[in-house]
Amino acid sequence: MTGHISPRSDVYSFGVVLLELVTGRKSLDKFRPAREQNLVDWALPLLRERKKLVNIIDPRLGGDYPMKAVQKAAMLAYHCLSRNPKARPLMRDIVASLEPLQVVDDTEGNSTVSLDGKAL
């Protein structure tokens, strides 16, 4: 990491935010056990394995989410968080990956977006 701001560092930051959304955790949390204080360090090894992924999903969701969408979001976060900046996806590719995961409901003139098709 160079410390320079670039489109690739923005992608890394987006990966952190996406990981926060999936897990419901802060990126840094001093109140967690030492191994879990840094969200990226803790979750990154778990993102690639579907069996382990279910253990890091925000428990407040109560299992009410489409698993395939969460898996795709987790893999996207994994790629955004690559240590090699050149291996990270471009933002346009991130948008293209996320667009199929959204559902737009415009039945009453109000656009709402959710991952599972339920009104927000």
Side-chain angles (χ1 to χ4, degrees):
M1 307 258 178
T2 64
H4 298 289
I5 296 174
S6 70
R8 299 292 183 160
S9 64
D10 288 346
V11 167
Y12 184 91
S13 297
F14 179 78
V16 174
V17 171
L18 189 54
L19 192 54
E20 289 176 324
L21 290 171
V22 169
T23 63
R25 294 182 175 205
K26 298 176 186 177
S27 60
L28 293 172
D29 190 345
K30 299 285 184 181
F31 297 104
R32 295 224 174 247
R35 291 185 344 209
E36 296 181 21
Q37 289 182 1
N38 182 307
L39 179 61
V40 173
D41 291 344
W42 169 73
L44 201 58
L46 305 173
L47 289 177
R48 292 192 63 167
E49 298 182 47
R50 291 180 184 182
K51 291 178 183 177
K52 292 183 180 180
L53 177 61
V54 73
N55 295 323
I56 66 169
I57 297 171
D58 187 347
R60 294 172 292 185
L61 295 175
D64 189 21
Y65 49 83
M67 191 59 189
K68 283 192 176 191
V70 172
Q71 288 170 338
K72 288 180 181 182
M75 283 309 298
L76 182 58
Y78 180 83
H79 291 294
C80 290
L81 296 169
S82 173
R83 296 278 182 212
N84 177 2
K86 293 182 182 194
R88 296 177 194 150
L90 298 173
M91 194 54 79
R92 69 174 167 252
D93 298 327
I94 293 169
V95 171
S97 296
L98 290 175
E99 282 178 335
L101 302 182
Q102 71 180 356
V103 177
V104 179
D105 178 11
D106 198 9
T107 55
E108 297 180 17
N110 299 322
S111 294
T112 57
V113 180
S114 70
L115 287 176
D116 58 2
K118 295 181 180 176
L120 296 175

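This chain uses plain numbering: 1 for the first residue, then up along the sequence.
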**Fill in**
To the nearest 0.5 Å, atom CG of Asp29 lies from atom CZ of Arg25 at 8.0 Å
**Message:** Between Leu101 and Lys72, is there a side-chain heavy-atom distance shorter than 4.5 Å?
**Reply:** yes
**Message:** So, taking the atom named CG in Leu46 and the one named CG in Asn55, what distance separates them when rounded to the nearest 0.5 Å?
**Reply:** 8.0 Å
**Prompt:** What closest approach, in Å, do Val40 and Asn38 show between heavy atoms, and which atom pair accounts for it?
**Reply:** N-OD1, 3.1 Å
**Asked** Can you list the residues that meet the side-chain contact (heavy atoms from CB on, under 4.5 Å) rule with Val54, with sequence neighbours excluded?
**Response** Tyr65, Met67
**Asked** So which heavy atom on Gly15 is nearest to which on Ala77, and how close?
**Response** O-CB, 4.0 Å
**Request:** Please examine the side chains of Pro89 and Cys80, heavy atoms only from C-beta on, and report whether any two atoms are closer than 4.5 Å.
**Result:** yes
**Prompt:** Rounded to the nearest 0.5 Å, how far does OG of Ser6 lie from CZ of Arg88?
**Reply:** 7.5 Å
**Request:** Please name the pair of heavy atoms, one in Leu18 and one in Ala73, separated by the smallest distance, quoted to 0.1 Å.
**Result:** CD2-O, 3.4 Å
**Message:** Tell me whether Leu61 shares a hydrophobic cluster with Leu39, the cluster being built from Ile, Leu, Val, Met, Phe, Trp, Tyr side chains joined at under 4.5 Å.
**Reply:** yes
**Prompt:** Are side-chain heavy atoms of Gln71 and Arg50 found at a separation under 4.5 Å?
**Reply:** yes
**Atom pair CG/OG of Leu81 and Ser13 - distance to nearest 0.5 Å** = 9.5 Å
**Request:** Specify the closest pair of heavy atoms between Tyr12 and Ser82, including all atoms of both residues, with the distance to one decimal.
**Result:** CD1-O, 4.3 Å
**Message:** So, taking the atom named CZ in Arg32 and the one named CH2 in Trp42, what distance separates them when rounded to the nearest 0.5 Å?
**Reply:** 7.0 Å
**Nearest heavy-atom neighbours spanning Leu53 and Ala74** = CD1-CB, 3.6 Å
Under 3.5 Å, which donor-acceptor pairs link side chains of residues 90-98 to any protein atom two or more places apart or in another chain?
unit_1, atom_1, unit_2, atom_2, d
Ser97, OG, Asp93, O, 3.0

**Request:** Using the test side chain to side chain donor-acceptor pair (under 3.5 Å), find all partners of Arg48 that sit at least two apart in sequence or belong to another chain.
**Result:** Tyr78
**Asked** About how many Å separate CG of Leu44 and CG of Leu19, when rounded to the nearest 0.5 Å?
**Response** 8.0 Å
**Any side-chain heavy-atom pair of Leu47 and Met75 under 4.5 Å** = no
**Asked** Taking NZ, NE, NH1 and NH2 as the nitrogens, is one of them in Lys26 or Asp58 under 4.0 Å from a carboxylate oxygen of the other?
**Response** no
